[in-house]
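Let me begin by presenting the structure, written as structure tokens, before commenting on it.
Numbers restart at 1 for each chain; the letters A, B, ... are given by sequence-line order, proteins then strands.
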Amino acid sequence: MRFSQLLCPTLKEVPNDAEVASHQLMIRAGMIRKVAAGIYSLMPLGHKVIQKMMTIVREELNRVGAQEVFLPSIIPAQLWEESGRWQQYGPELLRLKDRHGNDYCYGPTHEEVITELVKGSVKSYKQLPVNLYQIQTKFRDEIRPRFGLMRGREFMMKDAYSFHATDEDLKLTYAQMTEVYGRIFDRCGLQYKMVEADSGNIGGSMSAEFMVTAATGEDLVIDCDSCSYAANIEAAIASELPYEFPVAATPYSKVSTPNQRTIQEVSEGLGLPNTRLVKALMLLADGMPVMVLVRGDHDLNESKLKRSLGADEISFIDEAQVPLLTGAIPGFAGPIGLKKEVLIYADLSVKGITSGVVGANESGYHLVDVNLSRDCTIAAYFDLRNAVEGDTCCRCSKGRYRYTRGIEVGHIFQLGTKYSSAMNAIFLDQNGKTMPFVMGCYGIGIGRTVAAAIEQSHDEKGIMWPPALAPFQVAIILGSTKVEEQVAAGDRIYRYLLDNGIDCLYDDRSVSIGVKFNDFELIGVPVAIVIGKNFAESGQLEIKYRDGREGTQVLESSVLSVILNKD
RNA sequence: CGGGGCGUAGCGCAGCCCGGUUAGCGCACCAGUUUUGGGAACUGGGGGUCGGAAGUUCAAAUCUUCUCGCCCCGACCA
């Protein structure tokens, strides 16, 4: 490609609405432009990089026998009603109507469509397993799109779905897909780790995420400093902690704590550590009020609560409703003497509390010396809190947890029969018995992976593409368009590289060389061949590397071999 | 959706508080001349419903109300 013909408006200034490096650089390098919140156009350079990523994904999936399909983006509501998700999915499902008033949605994920497709075409265990994938635009009406392609509302995703006769067979494909994902992200030159995950809205029993490690990552990951355990904070198992304070010798008593509504205020007011306090949170689980107790220094993990209670929808109760249930304004709720009877669930770490502090359900008062097992009725104890740094590892019981940040670029699930059962997608097994398909599903955010690659590999001048994702393999920088020898050499080398299958960007613009160097660094092509001042006399070309390696001088005749052996 | 902020040329901004010439600057763009190893210089030029609507006023980018959009902080996800 000649730069003089490429639509690539690079920007000197940082766009005011871009926060993170990948977003800023993709705009500045002329790769993307915003159309609306979370909706972007890809310009030639951006499209090219996305295509490279898609090719890697296709190659690796095809290698293990996955088959590419293409499903519609507009899906009739009826299919989603069959799976139950039309009601369940909530406002990020973009719903629309056609001219007849029939309901549709823009697909945020395609379990329903693929299940319906396979249901109609696979009848026997002999046709199993089958692994189908597509690369397509999804739409999720995110509450808060941000960071460019990192979290768009419309985004490119590879989604694969596998169908099996048995659980064991699903596990084989699941394991194979973890390897495939490893190869894909390795080829992209990314540093990543696979972590245990919450399967959220998609459902199923087991799932893992592929996290690209980056300080700007939106996900908090817990890992163990001694074994290989790693998990998303949403899923990280928090162990029960010992209670280190004496058993209260006396019954609990009421103390005045005026204006002390937060854990910190109560802790300071009473002169007790916050580990001795019990936070009582009022929530709605599928519309039913519940109270959840966690230790004062811990945070409730809503994913865990959702899973533990088997609820579809968890939300905090409106502050105004709290007095009706507890008898006190928010800040003084506790498990003893509630105005209305509600089920009380508690985190494992409050289990042994024998001299704790809880709200008195009376504005301005708390109870001290509370022994939870003696003084109130807990419906059940679960692991409900966020694991924290320093917790003992749930797997090896020796190591300690640490925090890291990650960008979730892939997520794989063992779905089981959730969708096939709901949609009556069945096959005949060896005994002629009807069975629901056992399913797996596997996603990769294409644009997000590209953004993650930039997050991991850039400097103050611009992008430093991993070679596999770079929009061009090589740039040719023409020093001057006025020097005949240079132009002739440039044209010659450009032709020669193209003929040898090298995808190169030929910067033949008649601007000063500084502009070309800056654009080369901004766009992030890994190598440049510079045809400079001394070419006419010496016949020397300069090879420049974007990653900071020392450049070299070469003769025109050896350009190709230097380029090909660049690593 | 709750909290905070911003909408003035393709991009980045000033002007607004305290209403009053033809709305200004830098980058980008067009023409010409001189330039070409690190975002060139000079001269000339094009481009604006000041996000939208209503109101106040002799007069609104500026004041008032409503509205739309966008960004940031929290709960969702590839």
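Taking the six-membered ring for Trp, A:Phe185 and A:Phe210 have ring centres closer than 6.0 Å.
A sub-4.0 Å separation between OP1 or OP2 of B:C71 and a side-chain N or O of A:Arg146 is absent. The side chain of A:Arg33 places no N or O atom within less than 4.0 Å of a non-bridging phosphate oxygen (OP1 or OP2) of B:G10. An OP1 or OP2 oxygen of B:G37 is reached within less than 4.0 angstrom by a side-chain nitrogen or oxygen of A:Lys533.
B:A61 makes up no base pair with any nucleotide shown, lacking Watson-Crick or G-U wobble contacts both under 3.5 Å. Taking a pair to require two hydrogen-bonding distances under 3.5 Å in either a Watson-Crick or a G-U wobble arrangement, B:C29 pairs with B:G45. Across all strands shown, B:G24 pairs with B:C13; the Watson-Crick or G-U wobble distances both stay below 3.5 Å. In a base pair of the Watson-Crick type (N1 to N3 plus N6-O4 or O6-N4) or a G-U wobble (N1-O2 and O6-N3), with each distance short of 3.5 Å, B:G39 is matched with no nucleotide.
Each of A:Tyr506, A:Phe3, A:Phe472 was checked for a ring pair (Phe, Tyr, Trp, His ring centres under 6.0 Å) with A:Tyr494, and the lone residue meeting it is A:Tyr506.
Taking the nucleotide of RNA chain B with the nearest heavy atom to each of A:Pro15 and A:Ile446, the more 5' of the two is matched to A:Pro15.
As judged by a 4.0 angstrom heavy-atom cut-off over every strand, A:Arg151 is placed among the base-contacting residues. Nucleic acid contact for A:Arg28: base, since at least one base atom lies under 4.0 Å from a heavy atom of the residue. Among the heavy atoms of the strands lying under 4.0 Å from A:Glu521 is at least one base atom, whether or not backbone atoms are also near. Within 4.0 Å (heavy atoms only), A:Gly30 reaches no atom of the nucleic acid at all. Counting any heavy atom pair closer than 4.0 Å across all strands shown, A:Asn16 reaches sugar-phosphate atoms only and no base atom. Counting any heavy atom pair closer than 4.0 Å across all strands shown, A:Lys138 reaches no nucleic acid atom. Heavy atoms of A:Asp159 sit nowhere under 4.0 angstrom from any nucleic acid atom. Residue contacts for A:Gly532: at a heavy-atom cut-off of 4.0 Å it reaches a base atom on one of the strands shown.
Nearest heavy atom pair, residue A:Ile233 against residue A:Ala387, reads CD1-O, 3.2 Å.
Between the side chain of A:Asp219 and the base of B:C77, a donor-acceptor pair under 3.5 Å is found. Side-chain atoms of A:Lys461 stay outside donor-acceptor range of the base of B:G39, with no qualifying N/O pair under 3.5 Å.
Ion pairing between a basic and an acidic side chain is recognised when a charged N comes within 4.0 Å of a carboxylate O; A:Asp299 and A:Arg385 show no such pairing.
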